[in-house]
Amino acid sequence: MKFALLVLLIVSLFGANAAEADMKSPNEKATLNTALPSVMLIDSYGKTVSLKEIIGGKVLIISLIYTKCQTACLLITDSVLSVVDKVEGQGENYNVLTLTFDPNDDQKQLEEFRHIWRLDKKRGWTVARGEKSEVDTLLKALDFHYALDGETGEFLHPNMLIVITPKGKISKYIYGVNYDENNLKASILAAKKEGSSLSLTEGVLLWCYRYDPLTGAYIFDWALVCELIGGITFFISIPFFFWGRLVLSKIKTLSAKIFLRRSFSDS
């Protein structure tokens, strides 16, 4: 399956990625930190559920696809599955929503998609569709655009994940079809920070990453970590320098006294 997806990636470089160039990317200045409308969706089990319920007071990762896609959407789903298996806390610290934007995707296709990708037992993972008016309302808030290519019958659309805060606000867009574990982990922590307090471990981890606007990703800040280690070492060395000299002085004094006592006793 990995080989087939690699072939699809090569195809997408000439197809889906070329199409992306013609699609309007989200205007992040206008959308970031804005609240999403709690639209009503229909999950792959036929249950009507609100976006607020899907968020459930946790960070939400939204993957926008359509079930008949034979190129980029397969790569996106495969990469999300792979990276989620590496990022702990699914269903506990964050949820995942795979949402089809194709108004022609029906309940049967949604169920088949869930079975094919073995999402039945994935905790906190919702596969959903919705009435066109509801989905369009959500896509408008996300500033996500798509169009049907009359020649290929495929939808042209940008490839991305959207990270939503526990309060339902847009936190980050992650572009492409291949997602990095550390970038997603830092993105989840950054989104969680808006909605609730972080644990000490999470706070330290997030602090060690910085956002790189050139790549649009969180990267490990080695310079900051080295600076931190250097600072800690310096502060530790100061008391050691003074106390160490005092301890050495006392040791020398004690040794001298012992030597003198032994000298007197021998004489």
Side-chain angles (χ1 to χ4, degrees), residues 1-9 11-12 15-17 19-20 23 36-56 60-85 90-91 94-142 144-162 164 174 176-179:
M1 184 175 182
K2 292 290 184 182
F3 177 76
L5 290 172
L6 179 60
V7 174
L8 288 173
L9 176 59
V11 172
S12 70
N17 286 351
E20 276 190 76
M23 297 305 300
L36 294 178
S38 187
V39 297
M40 302 304 295
L41 302 173
I42 305 168
D43 69 17
S44 57
Y45 297 96
K47 179 183 177 182
T48 299
V49 58
S50 69
L51 181 63
K52 184 177 181 180
E53 290 177 286
I54 295 174
I55 293 174
L60 179 67
I61 310 300
I62 299 180
S63 171
L64 296 167
I65 54 90
Y66 64 103
T67 63
K68 293 184 288 294
C69 178
Q70 296 300 309
T71 52
C73 296
L74 298 179
L75 297 166
I76 290 172
T77 304
D78 182 69
S79 183
V80 174
L81 271 168
S82 177
V83 75
V84 161
D85 284 342
Q90 181 191 346
Y94 69 95
N95 292 325
V96 180
L97 168 63
T98 296
L99 175 65
T100 173
F101 54 81
D102 184 356
N104 295 315
D105 274 340
D106 58 24
Q107 195 63 32
K108 182 179 179 181
Q109 289 166 323
L110 221 61
E111 292 174 2
E112 290 176 350
F113 182 92
R114 188 189 73 231
H115 286 304
I116 289 172
W117 290 99
R118 300 177 181 178
L119 301 175
D120 304 76
K121 296 182 179 179
K122 287 288 183 180
R123 183 184 176 191
W125 195 312
T126 302
V127 180
R129 61 185 181 91
E131 296 295 332
K132 190 175 187 306
S133 60
E134 294 289 294
V135 174
D136 285 350
T137 297
L138 178 57
L139 297 184
K140 182 178 180 180
L142 294 169
F144 179 90
H145 303 270
Y146 69 94
L148 182 64
D149 185 339
E151 294 183 2
T152 64
E154 297 277 341
F155 282 108
L156 311 181
H157 62 91
N159 302 322
M160 65 175 69
L161 299 181
I162 304 104
I164 309 300
I174 304 177
V177 297
N178 189 35
Y179 309 111

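- No more than 12 heavy atoms of other residues, nucleotides or ligands shown are found within 6.0 angstrom of NZ on K52.
- Remark: the backbone N or O of Y179 is paired with a side-chain donor or acceptor of S79 at under 3.5 angstrom.
- Interatomic distance, CD1 of I62 versus CG of N95, reported as 11.0 Å (0.5 Å rounding).
- Q90 places no side-chain N or O within 3.5 Å of a backbone atom of G124 that could act as its donor or acceptor partner.
- Once rounded to the nearest 0.5 Å, the distance linking CG of D105 with OG of S44 reads 12.0 Å.
- Side chain of N159 to backbone of I76: no donor-acceptor contact under 3.5 angstrom is found.
- Across all non-hydrogen atoms, the minimal contact from L51 to P37 is CD2-O, 3.5 Å.
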Task: From CA spacing to verdict: side-chain contact (heavy atoms from CB on, under 4.5 Å), T67, R114 - done: CA-CA 10 Å; T67 63; R114 188 189 73 231; over 6 Å; no
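- No donor-acceptor distance shorter than 3.5 angstrom exists from the side chain of E111 to the backbone of Y45, with no hydrogens or angles considered.
- Interatomic distance, CG of L97 versus CG of L138, reported as 8.0 Å (0.5 Å rounding).
- Between M40 and S50, the shortest heavy-atom distance links the atoms SD-CB, 3.6 Å.
- The heavy-atom pair separating T98 from I65 by the smallest distance is CG2-CG1, 3.5 Å.
- Inter-residue side-chain proximity for R129 and D102 is flagged as unmet; no heavy-atom pair is nearer than 4.5 Å.
- No more than 12 heavy-atom neighbours from other residues, nucleotides or ligands sit within 6.0 angstrom of CD on E131.
- A distance of 9.0 Å separates CG of L74 from CD1 of I116, quoted to the nearest 0.5 Å.
- Expressed to the nearest 0.5 Å, how far CG of L156 lies from CG of L148 amounts to 7.5 Å.
- Of all heavy-atom pairs spanning I42 and L110, the tightest one is O-CD2, 3.8 Å.
- Not one N or O on the side chain of E134 forms a donor-acceptor pair closer than 3.5 Å with the backbone of V39.
- You'll find the ring centres of F101 and F155 inside the 6.0 Å limit.
- Taking the side-chain contact (heavy atoms from CB on, under 4.5 Å) definition, one finds that D106 meets it with K108, Q109, sequence neighbours left out.
- Counting heavy atoms from C-beta outward, L64 and L142 have side chains that approach closer than 4.5 Å.
- Closest non-hydrogen pair, A141 versus L36, comes out as CB-CD2, 3.8 Å.
- Checking side-chain atoms of S82 against main-chain N and O of D78 turns up no donor-acceptor pair under 3.5 Å.
- Aromatic ring pairs are classed by plane angle as parallel below 30°, tilted from 30° to 60° and perpendicular above 60°; the pair H157 and Y66 is perpendicular.
- When all heavy atoms are compared, the tightest approach of L41 to G130 is CD2-CA, 4.3 Å.
- A 4.5 Å side-chain heavy-atom check between F113 and T77 finds at least one atom pair inside the cut-off.
- Residues W125 and L81 are in side-chain contact: their nearest non-hydrogen atoms beyond the backbone lie under 4.5 Å apart.
- Ion pairing between D43 and K47 fails under the 4.0 Å rule for side-chain N and carboxylate O.
- For the atom pair CD (Q70) and OG1 (T152), the distance works out to 12.0 Å, reported to the nearest 0.5 Å.
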